[in-house]
Each structure stands twice: as C-alpha cells, then as structure tokens.
Visitor: 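Provided herewith is a single structure, encoded as structure tokens, for subsequent inquiry.
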Amino acid sequence: MGRIVISGASGDLGHRVTDLLLAVDPDAELTLVTRTPEKLNRSETQRLRVRRGDYRDAGSLDAAYSGGEILFLISGLNLGRRVPEHRNAISAAQRAGIRHIVYTSVGGVQPNNPALSSQDHCQTEIDLRASGLAYTILRNSLYSEIVSNVLVAPGLETGLLRQATGDGFLAPVAKSDVADCAATCLLQNERHAGAVYEITGGELLNFHEIAAIGTEVHGVPVKYAPVSAEERLAFYDSVGIPRTYDPDMPPSADGHMWASDELVSAEVAIAEGYQAVMSHHVKHITGQEPVSLRSVMERCKSLRYDEIAAQVS
C-alpha cells in the first residue's frame, strides 16, 4: 500500500475517510491536503502529513501531492468552476507520480442531466478517463442526511414538503456508506481500478414516500406538495439563499453554502428521472447492506444538518 493523499481532507467526508483508514491501520501513510490546515486539528507524524493545497492554485497541489501514490480527490464546491480546478488536481497528480485517483462524482451523471453539479462532474469523469491514470469513480446519490435534515425537517412546521422534484425517484445514501465505500476503494485500489460505481441507498423512493417516512419517524403529519422550479426559486429568494454560488459567500443557517440555482436544478433532475438509480454497489464494495433513510432520520431527527457528526450518522 502506497501513501494515500486525501485532497479536501478538512471537510466532513475527508474526516470520515481519514478516521476509517486509521482505524484499519493506525500507521497508514497519509497526506491530508486542505485549503485550511488549521481546521484539521491533527498532529503530524512521519507517516501522517498535513499539507496546504488549493484546487485554484496548481503550485500548491504539486507540493501537497508529492510522494503520494493514491489520491482521494474529493470534488470541489465551486459550482461552474470545478472543471478547471479538478483539472489542476489531475495534472498535479500526474506530475507527482500518483498512479490511481478515487473521485467523488454525483449520481445520475449524463450529458443531458439538467443538474448544474452533474455537468461539472460529467466533464471531470471524461478528464479522468483521458488522464492515463488508474481511476475509480464514486457517483454518490443525494445524502440521506440532506433529505432528512435539510429537506424533510423544515416541512414539519407547516405539514408540507414543497419541492420541484415532481414524482421522480431517488435512492438516498447515508454519509457513512459513502465514506465506507471510499475508504475500501482506497485500500483495495487495484481491485476497483476502472470501476464506475453508483453509490446509493437500498430503496428507490419518491417524495410522497419520503414524506410518509418523515411522518412516521417524527410523529408529525407531513405531506409532499410538488411545485414548479420558478416557485422553488422564489422560496429560496424569500429566505435569503443566493441564486448563484460564490466561494466567498457566508454560510447558511445550517452551516452550509447553498445556492438556489444548483439546488433547484438538482430537484428538476429528480423530476425528470435522472436520479432514478439504485444499485447494490455499497454491498458489493463493503460487504454490508446500505443504511436505510428511516434509520438516518431516526438517528439525526433532533439535530441541525451542521450538527450531524460522524459518530451520529
């Protein structure tokens, strides 16, 4: 096993995967790369290094990736700017001698998918295939924690869950399953070379069914009421969510950096069937059945989204 580089290590997924790798091997050789090393709160050792690296600064990535063999490329947040940033990361990996990239993409990637994030990821998948490096692509479905605590929870007050998702289906996946799959693919990289996995939960649900689960878990009646994309954008305008992503914008009340054009385009993608994908890849990779949406709701129902820690979900 060569040195693993985790790029985007200070985010939630980076923290989870780092912990999983160290649980398997406390002496694993890891390089944790982040724009904000001060957020990692980890002590460096000869085997565990912390390096500053910014997808917008190719030179910083050259130094950060040096000595690595396997790169966990956690996708950036800069909607519409991810493609050149990810190209910086892939090029830096090539120069550093990295031989394998495990990349976090998004579920339902297709050229015509209207979700703005899907368009970014679609191009990065093409770039990875052309890089000459070994790769594993993890197309992660919508997090169950987002469905539970960002989408369903606000509807408890009004009894209505309003979204532009039509009657479309999706298979939400728990963050813990995404992290388990990523860690396994990093540790068993040769087995998973060239694979494109749809990382989903084990239930294909529409929001009528999701609202019913929310009613049962919370003991509060909530129904799903489909709305148009224009109505959804107007709602986000009314609560102060900006339409366009800006890396310098302040976080929302739940600690996340949301932009309504991305959120609503993702809802339209669900309505048009692009997220109607359910696989058995979580079990194929990890040997374990995926965590159900109901279980995630039960564990996280008393928390804000930004309060959901790895030990909870």
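The shown structure was predicted, so the numbers you read here are calculated from the model rather than taken from an experiment.
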Visitor: State whether the side chain of T184 and the backbone N or O of T286 hold a donor-acceptor pair below 3.5 Å, judged by distance alone.
Guide: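 No.
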
Visitor: How about CZ on R42, more than 12 heavy atoms from neighbouring residues, nucleotides or ligands closer than 6.0 Å, or not?
Guide: yes

Visitor: Would you say Q46 has more than 12 foreign heavy atoms packed within less than 6.0 Å of its CD?
Guide: no

Visitor: Has the side chain of N189 got a donor or acceptor atom that lies under 3.5 Å from a matching backbone atom of L186?
Guide: yes

Visitor: Between E85 and R82, is the closest basic N to carboxylate O distance under 4.0 Å?
Guide: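 No.
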
Visitor: Below 4.0 angstrom, N of the basic side chain to O of the carboxylate: do K175 and E145 qualify?
Guide: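 E145 and K175: not salt-bridged.
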
Visitor: I need the full list of ring-ring contact (aromatic ring centres under 6.0 Å, His included) pairs touching residues 184-203, with sequence neighbours left out, sorted by first then second residue.
Guide: H192-Y197, Y197-H281, Y197-H284

Visitor: Any side-chain heavy atom of Y65 within less than 4.5 Å of one from V5?
Guide: yes

Visitor: CD1/I4 to OG1/T18 distance, rounded to the nearest 0.5 angstrom?
Guide: 9.5 Å

Visitor: Please list all pairs passing the ring-ring contact (aromatic ring centres under 6.0 Å, His included) test where one or both residues lie in residues 115-166, with sequence neighbours left out.
Guide: Y103-H121

Visitor: Could you check whether any side-chain N or O of T165 sits under 3.5 Å from a backbone N or O of G168, counting only pairs where one atom can act as donor and the other as acceptor?
Guide: no

Visitor: With no hydrogens and no angle check, do the side chains of Y55 and S60 hold a donor and an acceptor under 3.5 Å apart?
Guide: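 No.
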
Visitor: Hey, is the main chain of E262 close enough, under 3.5 Å, to the side chain of S265 for a donor-acceptor pair?
Guide: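 Yes, S265 side chain to E262 backbone: donor-acceptor pair under 3.5 Å.
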
Visitor: Counting N and O atoms only, with roles assigned by atom type, does the side chain of T36 sit under 3.5 Å from a partner on the main chain of K39, one being a donor and the other an acceptor?
Guide: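 Here the side-chain-to-backbone pair does not exist.
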
Visitor: Strictly distance-based, threshold 3.5 Å: is any side-chain N or O of N149 a donor or acceptor partner for the main-chain N or O of L303?
Guide: yes

Visitor: Walk me through it: do R3 and E69 pass the test salt bridge (Lys or Arg N to Asp or Glu O under 4.0 Å)?
Guide: CA-CA 5 Å; R3 175 173 289 275; E69 291 190 44; over 6 Å; no

Visitor: Is it the case that the side chains of H86 and S75 hold a donor-acceptor pair, with the cut-off being a distance below 3.5 Å and no angle test?
Guide: no

Visitor: Short question: side chain of S141, backbone of A171 - any donor-acceptor pair under 3.5 Å?
Guide: yes

Visitor: Going by the side chain to side chain donor-acceptor pair (under 3.5 Å) test, which pairs reach into residues 205-216, not counting sequence neighbours?
Guide: D167-H208, E216-R294

Visitor: Quick one: do R243 and D261 make a salt bridge, cutoff under 4.0 Å?
Guide: no

